[in-house]
Structures are given as structure tokens and as C-alpha cells.
Amino acid sequence: MRTRTTALAAITALALAGCSSGTGDSATSAPDDAATTEVEALSGALEFMTGTSIDSELYLAYEDITEAFESANPDVSIELVPSSTDHEGEVKTRLASGNTPDLWMTHGWSLLRYSEFLMPLTDELWAKDVNPALDPAMRDGDGAIYALPLDVDVAGLLYNADVLASVGVTPEDIRTWEDFTAACDEITAAGKTAIYTAGKDRWPTGLFVDWIAPGAYDEAALGTQADGTLVPESYQVALDKVAQFRDSGYFNPDYTSATSDDISLALAQGDTGFSFLMNFVAVTAYTYNPDANVGFMPIPSASGGDPYLVVGEKNAIGISSTTESPDAARAYLAFLAQPDNGSVLAKASGSAPGLTTATSDLGALQASHDAWVGKVPSVPYFDRVYMPNGAWDTIVSTTEGVLTNQMSVSDAMAKVATDFDSLTAQAQS
Amino acid sequence: MSINLFYVPALLVFVALTVYPLISGFQMSFTNWDGYSAARSFVGLENYARLLQDTTFRQVLANTVVYGVGSTLIQQVLGLALALALDRPMRGRGVLRAIVYLPVLVSPVIMGTMYYLLLQYNNGALNDLVGLVGAGPFAWLSSANGSVAIIVLVNSLQFVGLSMIIYLAGLQSIPEMYYEAASLDGARGRQLFAHITLPLLRPAIATSVILNLIGGLKLFDIIKVLTNGGPGYSTNSVSTFIGVTYFDAQSAGYASAMGIVLFVMIMATTLALNGLLNRRRLDS
């Protein structure tokens, strides 16, 4: 599939603009040279697991931009592979079987999980333009980066401002968990669901830990945990909060059968005050109700510090270290990284751009973005940095066990501790 | 010694799709492989020792037994009752048999989805119905025990047609003269059933029980669609928990150890049941 042929040809201006390989031996000259310089043409077939569904705005944007790249590079063909609901499982299976795709969306794990399979991209021209907020999640100790970030996942507590206003609360009022629970009590008393979450999709439940835990650790405890020793008393704060929310009746009664779409719907219809989920849920909410008044706000700190936002890698693309067409793959990424294309892709994903050279209109969420981003501290996704690789399922299942009262907090903590140690040992062996 | 070459294709498929994965899984169960990276270390019996101490696995194992035994019991009782009812001459018998059997032909994923749509909290058909009498809505899938019971019921109702067909075949193989002879001796309804029908149905019972039990112990699709193993881990079967452990928890070695335990469990159950039911058949 990935035969690489070479030929001498003049490269079109469009393609050359996208080619920014620092080390490649193929077509990477500047557009102005195109008419006069004969260089080795890009060629090869690339398979790109996009990690997004075939009907998403992002996939459609990929199609348009890829078509333009292929027109400019007729000897390169790129197969876009849309995602099912289990992109992660598909990628792992492909890696395990040795049938590695040339490019894939790294869904937050370009560094910690996939870097051993990926080509370092630190020398690419776009690498210096990566949003610095992504450095903790995407660069290793030497500053190496393994994927092109198309966007930045900036997340906080999602809220419906109309619901909050109906009980006399504004997002700016909520700076502590006490403020938050007071608002939840008011919303519950008004007959609405205070916190809407989804058990059918399972993964949203894990975000309670990702959102709450960072504020429960001090720097020393975070360092201890990053080094492979669980700090249970800090972790437990998140589960205690979930148990408190449960006992106070804040959660939606259809938790078990609800999906993330149901959360969007509840936010859109003003049936809920809050949700612990990423912004794509708010974007979907606006498709249900363009007049909805949904935004995001910083997360209170359990240790009394400043409220914070969670920032992490979202749609980022890495190149397999074993691809047979590395030059074509790098040129393709460089093409995606061009300011115009980067802006289109970031807008399609509904997020802030991953490169400082691109811009993105966040639509209805722009107001929240302008109000908070850069003005409050940000923390990385807790599970990606401070929990061992593979711990996500444990986080989700134990949190869900507590949320549904099928597990006591102590039983959940015992399971977290066992799996933490086991996965840490697995990673260190 | 001659080898019938017609066996070879089937043998190749069996070796490639059953024997090789089994051996490969057995080897993997002695490693700490994460399921995708190149590195893996030999850890001896560590995964099996961990299984003994894993309370979640114990819960999952108990669920699996409930799915297997519960589904088997319901399917035998309902399947035999339906077979007895639909073995009698009556109008529309063929249509009724087809209606009972049709769900067997439907994918469990589709069946699970249909029941999910019936049972879901918002806009679920069942809640709409109870809403007509002013009750509910209820979160039918919110408790562990309730969800396990629903899964058992859904699985049983889907495959009751299989038991019915097996029992119908068994009933039709019983010569009428036994009933006539027993009737001449004064035997009636229950006596005929207990002393003729049931003993002569033992081969059918053995087949149906073993098939249903294996199906129940391997239950996967309906759980994934209805509850996805939740809430928490509370409705997982060993099969679904293997998937979660292998892919989500990135513990392929540990998941393989679970797979070996499931394999041994199903094989031991099948051999024991086969032995038991065959012995009784020979005794009778």
C-alpha cells in the first residue's frame, strides 16, 4: 500500500506552501521557487485514522483540505478513515497487530501513550507555533513533540445561564465548592436537575475526578503521584464530592441510561444547571436550541485556591515512525498547519486553535472563552499526567460505582489503589 | 493411515481461529502486556494470583453464573411450555412457532437496543405506558440487581425459541404408542408427562441446557448495549469485563488470564453436564 516512487516534477505553489519539513529530502521548497526548481515529488499512499465520525464538521473539513492537498500532490493519496465510537480501541488493535496507520488522531495521548510509535515532529516549522498551554501535555522533558495539535481542549463547568439566573446565581458568584453546592440546592429546590451526567456512555463520569481532583492536591502531592505513588487522601476528595452530590440528589434520575447527547439536550432545554463535560457538549446543545444560554466557567478548587480550567490535547495528529511515506506525511501535516487550514479545522472542532498562527470563532462559547481563558489558572487533564496509563477505566467505573451507590467510597479507593499500583508496575517493567 | 482431505479446510479454520488464539491467549496470560506496545514481560502466575484477590472479578464471576443459570432455567421452563402448547394440533400453530423463534434470528445487539428503547428513562415506551396511569417515570436500569435481572430476562426471551424448537423435535420423536400403552394402564396428564414425556426428552434437555448455559456464560452483546456493564462494574459478565480490562484498562495479560478462567469454567460445566445427563440417559 505504501510504495514510494520518486519523480522529478515542479511542485505546485499550494503544496509547497504546505511543505515545511526541516529534514526531508523531497519537495519542500518555497512557493516562489516552484516554477524554477525541480525537486523530488512527494508520493505515497497514506492512511489517516481521523478519530471523528463521518458526519462531523471536522471530518468534512478534513475532506476538503485533503482534497486540496491531493490536487497539489497528485502522486500522494490519502485515505481518510472515519471513526466508530471506539477510536481508541481501533488504534490500539492496529498497533498491537503491527498494522499501524500512517497517521492517527492521538486523542490526548500523543506523548504518554503513543510517543513510542510516533515520529518526533519537533523540527517541523509549525512546532514552534504550538499553543504553549499544550506544552505540559504534549512535550516531553526535552521539549520534543509528537503530534500536530489542531485545537486546544479548554474545559470547565458547563452551565445553563438561564437556569442559574432563575435561582439568582451568576457564574461569577461560584468560586468555591460551597458556592457550587448552594447553587445546586437552589436549582434542585426549583425542580430542575442540578448536575446532568451520562452513565450509558460511561466515560463522562470519569470527568468528575478529572475536574475536581487537581484542586485537591498540592504541588508536592502531585509530584508524588506523578512519580508513581498514589496520594489516596487527595484523590478521595473527588469521590467524596461525588458521594455528597449523590446524597444531595443533584444528579439526573436517568443517569444510567443517559448519553452525552442527553446532556446536550438538557442544557439546551434548560433542564439542568451544570454538567462536568467538555465544550463539545455545549456546541451540540446549540444545535438543539440556538437560543440556549450555555457557557463554561472555572472549576472551584477543593483546597481553597483559585478556580481553574482544564486544558489538554484534543484533536492532534501523529505520524507513525514506521510509515513508508514519511515525507508525504510530514508535508500533509504542514499543509494542515497552514494558518487558513488550521483555522478551518479548529472552527470545525468547536475549539480554540492548537497553533498560535490560526484563529477560531468559538461561536456562542466565545464569551466564556474571552471571560476566563488566560485570566484563571489552567491545569492539565488529571488522568493523563498524574495517573498511570490505562487507569481511565478504573477512574470511570469507581466513580460511577460511588455515583450510583453500588460502591462505597472506601471500596472505590481500594480498587483505585490496586489498579494504580498494578498499572504503574506494568509501565515500569 | 489415510487422511480424508475434506477435513483439511475445516481443520485449518479450527486451528487458525480457535487453537492458535487459545494458545496465544494462554501464553499472554503469563505476561503483563498492555495490549498494544511492543514490550511485554513474563510475570509467571501473577495474573492468576491477582484474580483470586480481585473482588470486582468475583462480582463479575457471580454475575456470569447468574446469567448462565438464570437464563438456562427460564429458557427450559418457557421453552418446554411453549413446545408442549405448540405441539398440539391447532390453527395458526406454524405462525405462532415462527413468532416465538424469530427473535433467535435477530442480532443480540438489535434485541438489546430494542429493549433499551423500551426501558430508557426519557421517552422509553415502558415509562410512557406507566405514565398513562399516573406512575413513574422509573429508572429501570439504575440498580445493579434490577439490571442483572433485566439482562437475564431479555436474553431468555430472545433465545426461548431455540429451546422450544429443540423440545418440539424431542416431543415429536417420542412414539405415540408409549402414551397409548400408559393410557391403557390408567395414566393421565401429569403422570404421562412425568413418566413418559420428561424421561424421553432427556437428550433434548441435555442439548438445550448445554447450549443455553454456554450462551449465558458467554453473554456479551446484550450487556454492552443495555448497560455497558454499569452502573460501576455491577452488570459485567466475564466476557464484557475481559473486553474492558483488555482495551480500556490496558491489561491484556490480566484479561487473558480471565479468558482462560472463562474457558475452563465453560469446559468444566459442559463436560460435567454432558456426563451427568448422558449417565442418566443410559441409566434410564
Side-chain angles (χ1 to χ4, degrees), chain A residues 86 88-98 100 113-114 116-117 199-203 205-206 251-259 262 265-266 271 388-407 411-412 414-415 418-419 422-423 425-429, chain B residues 28 31-43 46-47 50 53-56 59 116-124 127 136-147 224-236 241 243-254:
Chain A
D86 189 16
E88 179 176 347
E90 288 166 7
V91 170
K92 285 179 183 170
T93 305
R94 296 288 298 270
L95 295 177
S97 63
T100 312
R113 184 178 296 165
Y114 297 128
E116 67 174 295
F117 300 97
K200 183 76 186 341
D201 284 349
R202 297 201 75 227
W203 61 268
T205 312
F251 294 117
N252 45 310
D254 65 328
Y255 164 77
T256 319
S257 61
T259 65
D262 293 321
L265 194 59
D271 293 335
N389 192 357
W392 178 243
D393 180 70
T394 303
I395 294 171
V396 171
S397 296
T398 50
T399 309
E400 189 178 59
V402 171
L403 192 154
T404 55
N405 220 359
Q406 306 294 327
M407 244 178 170
D411 285 348
K415 173 74 175 160
T418 304
D419 288 1
S422 165
L423 289 165
Q426 181 176 285
Q428 290 171 346
S429 65
Chain B
M28 207 185 294
T31 72
N32 66 354
W33 190 40
D34 61 14
Y36 64 93
S37 65
R40 67 178 81 179
S41 304
F42 180 76
V43 295
E46 197 177 287
N47 288 327
R50 185 177 160 195
Q53 297 168 347
D54 189 339
T55 52
T56 309
Q59 180 190 6
Y116 174 73
L117 295 173
L118 283 173
L119 296 166
Q120 66 178 336
Y121 186 87
N122 290 317
N123 308 317
N127 274 339
F138 300 105
W140 301 100
L141 297 169
S142 66
S143 77
N145 291 340
S147 297
K224 289 301 281 185
V225 177
L226 264 182
T227 65
N228 206 4
Y233 295 104
S234 63
T235 57
N236 271 302
F241 196 53
V244 166
T245 308
Y246 192 109
F247 291 104
D248 299 340
Q250 297 184 184
S251 300
Y254 189 43

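Just so we're clear, the structure is a prediction, and the values are computed from it rather than from any experiment. Order of the sequence lines fixes the chain letters, A, B, ..., with proteins taken first and strands second; residue numbering starts at 1 for each chain.
Residues A:Leu95 and A:Tyr114 have side chains in contact (heavy-atom distance under 4.5 Å, counting atoms from C-beta outward). The shortest side-chain heavy-atom distance between B:Met28 and B:Tyr246 falls under the 4.5 Å cut-off.
Of the two parts of B:Ser37, the backbone and the side chain both hold a non-hydrogen atom closer than 4.5 Å to a non-hydrogen atom of chain A. No part of B:Tyr254 comes within reach of chain A, as not one of its non-hydrogen atoms sits under 4.5 angstrom from that chain. Within the 4.5 angstrom heavy-atom criterion, only side-chain atoms of B:Thr56, from C-beta onward, approach chain A. Looking at B:Arg50, the atoms closer than 4.5 Å to chain A (heavy atoms on both sides) all sit in the side chain, from C-beta outward. Neither the backbone nor the side chain of A:Thr399 has a heavy atom closer than 4.5 Å to any heavy atom of chain B. Only the backbone of B:Leu226 comes within contact range of chain A, judged by heavy atoms closer than 4.5 Å. Of the atoms belonging to A:Gln426, heavy atoms from both backbone and side chain fall under 4.5 Å from chain B. In this structure, the portion of A:Lys415 lying under 4.5 Å from any heavy atom of chain B is its side chain and not its backbone. Interface remark: A:Asn389 contributes backbone and side-chain atoms alike to the contact with chain B (heavy atom separation under 4.5 Å). Neither the backbone nor the side chain of B:Trp140 comes within less than 4.5 Å of any heavy atom in chain A.
If you tally non-hydrogen atom pairs under 4.5 Å between each of B:Ala144, B:Gly230, B:Ala252, B:Ala139 and chain A, the highest count goes to B:Ala144. Chain A forms the most heavy-atom pairs under 4.5 Å with one residue out of B:Asn228, B:Asp34, B:Leu141, and that residue is B:Asn228. The residue among A:Glu88, A:Lys92, A:Glu116 with the most heavy atom pairs within less than 4.5 Å of chain B is A:Lys92.
Checking B:Ser142 against B:Tyr121 by side-chain atom types alone, no donor-acceptor pair falls below 3.5 Å. Side-chain contact annotation: B:Ser147 with B:Thr235, donor-acceptor N/O pair under 3.5 Å absent.
Minimum interatomic distance between A:Leu423 and B:Gln250 (heavy atoms only, all atoms of both residues): CD2-O, 4.4 Å.
More than 12 heavy atoms of other residues, nucleotides or ligands shown are found within 6.0 angstrom of CG on A:Asp86. Remark: B:Glu46 CD is loosely packed, at most 12 non-hydrogen atoms of other residues, nucleotides or ligands lying under 6.0 Å away.
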Trace of the side-chain contact (heavy atoms from CB on, under 4.5 Å) decision for A:Thr418 with A:Thr394: CA-CA 10 Å; A:Thr418 304; A:Thr394 303; over 6 Å; no
